[in-house]
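Take a look at the structure below.
In the text below, chain A, chain B and the rest are named by the order of the sequence lines, each starting its count at 1. Scope of the values below: all heavy atoms of this structure, side chains included, with no hydrogens, waters or symmetry mates.
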Number of protein chains: 2
Amino acid sequence: MASPANRSGSVRARNARWRGALAVLEEMRREPGVTRAAVARRLGLTTGSATEITARLRDLALLAETQAATLGRGRPTTVLGPHPEGPLVIAVDIRQEDWRCAVAALDGAPDVVEAEAHADRDPAAVIAAIGRAVRRVHDRHGHRVRAVSVAVAATVRSGGVVQAASLGWDAVDLRALTADPRTPLLIGNDATLAGVAEARLGAAAGAVAALHITIEVGIGGTLVVGGRPVDGATGAGGEFGHLPFGDPALRCPCGARGCWDMTVDGRAIARHVGDPPPRDPRTYALEALRRVRGEPAVRAAVGRAAEAFGGGLAGLINALDPDIVTLGGLAEPLRAAAEPRFTAALTDGLMRFRRADPPPVVAAALGEAGALHGAAAAALDHVLTEDGLNAWAAFVGAGR
Amino acid sequence: MASPANRSGSVRARNARWRGALAVLEEMRREPGVTRAAVARRLGLTTGSATEITARLRDLALLAETQAATLGRGRPTTVLGPHPEGPLVIAVDIRQEDWRCAVAALDGAPDVVEAEAHADRDPAAVIAAIGRAVRRVHDRHGHRVRAVSVAVAATVRSGGVVQAASLGWDAVDLRALTADPRTPLLIGNDATLAGVAEARLGAAAGAVAALHITIEVGIGGTLVVGGRPVDGATGAGGEFGHLPFGDPALRCPCGARGCWDMTVDGRAIARHVGDPPPRDPRTYALEALRRVRGEPAVRAAVGRAAEAFGGGLAGLINALDPDIVTLGGLAEPLRAAAEPRFTAALTDGLMRFRRADPPPVVAAALGEAGALHGAAAAALDHVLTEDGLNAWAAFVGAGR
DNA sequence: CGTTTATGCTCGCCGCACGAGTTTATTACG
DNA sequence: CGTAATAAACTCGTGCGGCGAGCATAAACG
């Protein structure tokens, strides 16, 4: 029989050991710059427990206290922040044209330290370049790096890339990205991670169920419930672009027919205008959105795309019941370019009982930084667990 | 400032107090008839802790130990089961034609104690009848009843019924169902709760993300992740029938256009056959499924519906990435009646990378009992929390 | 410069689970 | 039939995280 201690449901595993400590670290992460007194109040901790917990965390290099800018009477409290020698995570964002590599401490703010346009789209070359960057960062910070998290513009499944249309990749193994095989490597879809970031600290902060939708080449997104993306059994959830809202006669490169994708992005606009399929649908769409004012044909084509977008989004709202929708990438400019048609289609597609108070549809707040923030958040989720802190404590303890 | 102890994020609230006890009770619930030794092994508890926890739970009337049928050498262990004087929940299922009221102990098995066909579809009359039944059961068991949970064939939002097409109800207040306003009343959609039951103890047990789809009048269902339904911000998620997979020319009674609903149920079959819209689409569909063998026109109509069902389901699989799909209500007979067309449409609608190992699509295991099981499970989720057990302990303690 | 106020610190206590050792109930075997 | 083997339950001392109460401290107010 397997060791009982390894059972995931084990009481031993979800020990009380780090409960208070984790709660404090989560507060610090959720709201950088919180004071110790505020955290204690919010968590219902006595000042005694707060003292004890912060002391423990300080000793473990998990947290630093700095003087607060005093604002009132009473003994001044301290501001909680990440420890200067504390754990770090590496966040990478691989996009269509370039990649970025950032470092984040426990407050989750990614600090971009390396970035480069793809010299060559060949996956091996791109991965080698990023791998070198990760290794440099890893070497610089040593054991402080606790996880590497990658956001990639691709369909991700079970921690691997299955297909990346915009990059022109097939299945690709990203495991070469970690410098150290013992450091956990997390792979996530960029739109999913951007959605996580929006829901935790962006435009959807505080929502119960936040739907994030982004348009680049095709549609990406995710539903985020309680801060966690609903990404299915293998992590490939959120491929809303491949719901058959579109024309069944159109075959999508994904292999299915009638994909929503094909009716809203640059390919759809080009089709409506009468242009040949663009090599780079994203750039084509951006261009078209600029030409809307002067050219009625483009205006009509963009309007049709916005309508298809609004109608499909209404269906998603019917099915998923979010309390807010955030739009990333080209989704917001597309809506803005044909707002009346978008809104009409959205309203018309909603179930009647939803029309009285439909969820607000707002622009994403984090913009291009979303995926990187989300990747850092995913990595920190890994670090800020009982297992993660046990490992860190063992490492800090050994170094003394 | 609000009392810190009331904060949901409070460390105090998620106290360690009931951690081990809850884990043991969950095991007993997940697998009725487990032995104490097996639970201890699975949870990684020492025999000492197991002794202590079971003793505590026995004293609180939360658990009873009975002699196990001995199977090997060594000191015999005991079987854990619900205590004869322990907490109970009332589960109600309101369907198109009738309702049922059941009682369940902590093992979650609902025992139907009252059932009746609707004499009259008038909501007030139905609710009054059910309310009387609930009150009778409540009176019989007194304070042992800890929650009332209702599964209803209706769109549910924020704990209230918004619209019930099959019952012909508009917004209806179900609060009159509780005998005692202090007893929590939980309202859930029947298809959602059936999905929960399938995922926890039915055909999808053990799945990471289980998609349940049922067809009655329209389509219902839910995605269940980690035993909890993904039901959005207000509990109205899972209305997959109102995704616009269908013909945009068709206006759905829900107010939207092109709803998937309209292309798969009895209404769709009638349309394809050339019959007028049936008054009871469920019965019509059942009838049609029987006539498939002899009548080519019906066979073709059912085939079209099965095809629309398979194609839409493929889209949902693309978007939600379940590792299993369970079919309830007429969904399974519909598939069976036109299996080749259903499967062809399903496969054709999947993204290419999913075709190698698509999620299994299986019949629901719990059948008609699903919603009642799910309602009981939802009620027990309420009871088996730290708050729930604290309240119970206070009640048991006071009675001595 | 004392008072007020908000916060941090110290220390004894409690409850839960752990671990090691002991006891008990049953089967297997000579 | 009695003894060994085995599996599980019971007992009790320990450790750890958080609680509470009381005390100490750093600012702002008047």
Side-chain angles (χ1 to χ4, degrees), chain A residues 1 3-5 9-25 34-60 63 65-80 386 389-390 393, chain B residues 1 3-5 7 9-25 34-60 63 65-80 386 389-390 393 397:
Chain A
M1 177 159 294
S3 154
S10 162
V11 167
R12 202 193 234 118
R14 41 198 170 95
N15 212 308
R17 179 157 183 215
W18 295 102
R19 203 159 27 96
L22 279 171
V24 169
L25 291 174
V34 271
T35 65
R36 167 173 157 176
V39 168
R41 233 176 297 127
R42 259 185 253 162
L43 296 179
L45 290 168
T46 62
T47 62
S49 302
T51 299
E52 202 183 331
I53 291 172
T54 49
R56 219 157 58 221
L57 291 176
R58 217 182 312 118
D59 287 350
L60 284 167
L63 167 157
E65 290 183 275
T66 55
Q67 212 59 35
T70 60
L71 292 166
R73 41 162 69 180
R75 179 169 176 171
T77 181
T78 56
V79 170
L80 304 185
E386 268 135 27
L389 291 191
N390 272 327
Chain B
M1 173 157 300
S3 152
R7 278 271 318 179
S10 161
V11 167
R12 203 195 233 117
R14 42 197 171 95
N15 211 309
R17 178 151 184 221
W18 296 102
R19 202 160 27 95
L22 279 170
V24 169
L25 291 174
V34 270
T35 65
R36 167 172 160 180
V39 168
R41 233 175 296 128
R42 258 184 254 161
L43 296 178
L45 289 168
T46 62
T47 62
S49 304
T51 299
E52 202 182 332
I53 290 172
T54 49
R56 220 156 57 221
L57 291 176
R58 217 181 312 119
D59 287 350
L60 285 166
L63 167 157
E65 290 183 276
T66 56
Q67 212 60 32
T70 60
L71 293 165
R73 40 163 73 178
R75 179 168 175 171
T77 181
T78 57
V79 170
L80 303 186
E386 269 134 27
L389 291 191
N390 273 325

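In this structure, the side-chain hydrogen bond (donor to acceptor under 3.5 Å, both in side chains) partners of S49(B), at least two apart in sequence or on a different chain, are T46(B). Legend: residues meeting salt bridge (charged side-chain N to carboxylate O under 4.0 Å, His left out) with R56(B), ordered by chain and number and at least two apart, are E52(B). For T47(B), the side-chain hydrogen bond (donor to acceptor under 3.5 Å, both in side chains) test picks out no residue, with sequence neighbours left out. Qualifying side-chain hydrogen bond (donor to acceptor under 3.5 Å, both in side chains) partners for T35(A), counting only residues two or more places apart in sequence or in other chains: none. For T78(A), the side-chain hydrogen bond (donor to acceptor under 3.5 Å, both in side chains) partners two or more places apart in sequence, or in a different chain, are E65(A).
Rounded to the nearest 0.5 Å, atoms CG (L45(A)) and CZ (R36(A)) are 10.5 Å apart. Rounding to the nearest 0.5 Å gives a distance of 11.0 Å between CH2 of W18(B) and CD1 of I53(B). The CG atom of L25(A) lies 6.5 Å from the CG atom of L389(A); values are rounded to the nearest 0.5 Å.
Between the CG atom of L389(B) and the P atom of dG15(C) there is a distance of 17 Å, given to the nearest Å. Put simply, CZ on R19(A) is 11 Å from P on dA17(C), counting in whole angstrom units. Distance N390(B) CG to dG15(C) P: 13 Å, rounded to the nearest Å. With rounding to whole Å, L45(A) atom CG is found 14 Å from dT7(C) atom C1'. For W18(A) and dG18(D), the CH2 to P distance is 10 Å, given to the nearest whole Å.
Across the interface with DNA chain D, nearest-nucleotide mapping of S49(A) and Q67(A) shows S49(A) to be the residue nearer the 5′ end.
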Where do N or O atoms of nucleotides 12-14 of chain C meet protein N or O atoms at under 3.5 Å, pair by pair?
none

Worksheet, complete the sentence: Nucleotide by nucleotide, nucleotides 5-10 of chain D touches protein heavy atoms under 4.0 Å in the pattern (B base, S sugar-phosphate only, - none) SBBBBB
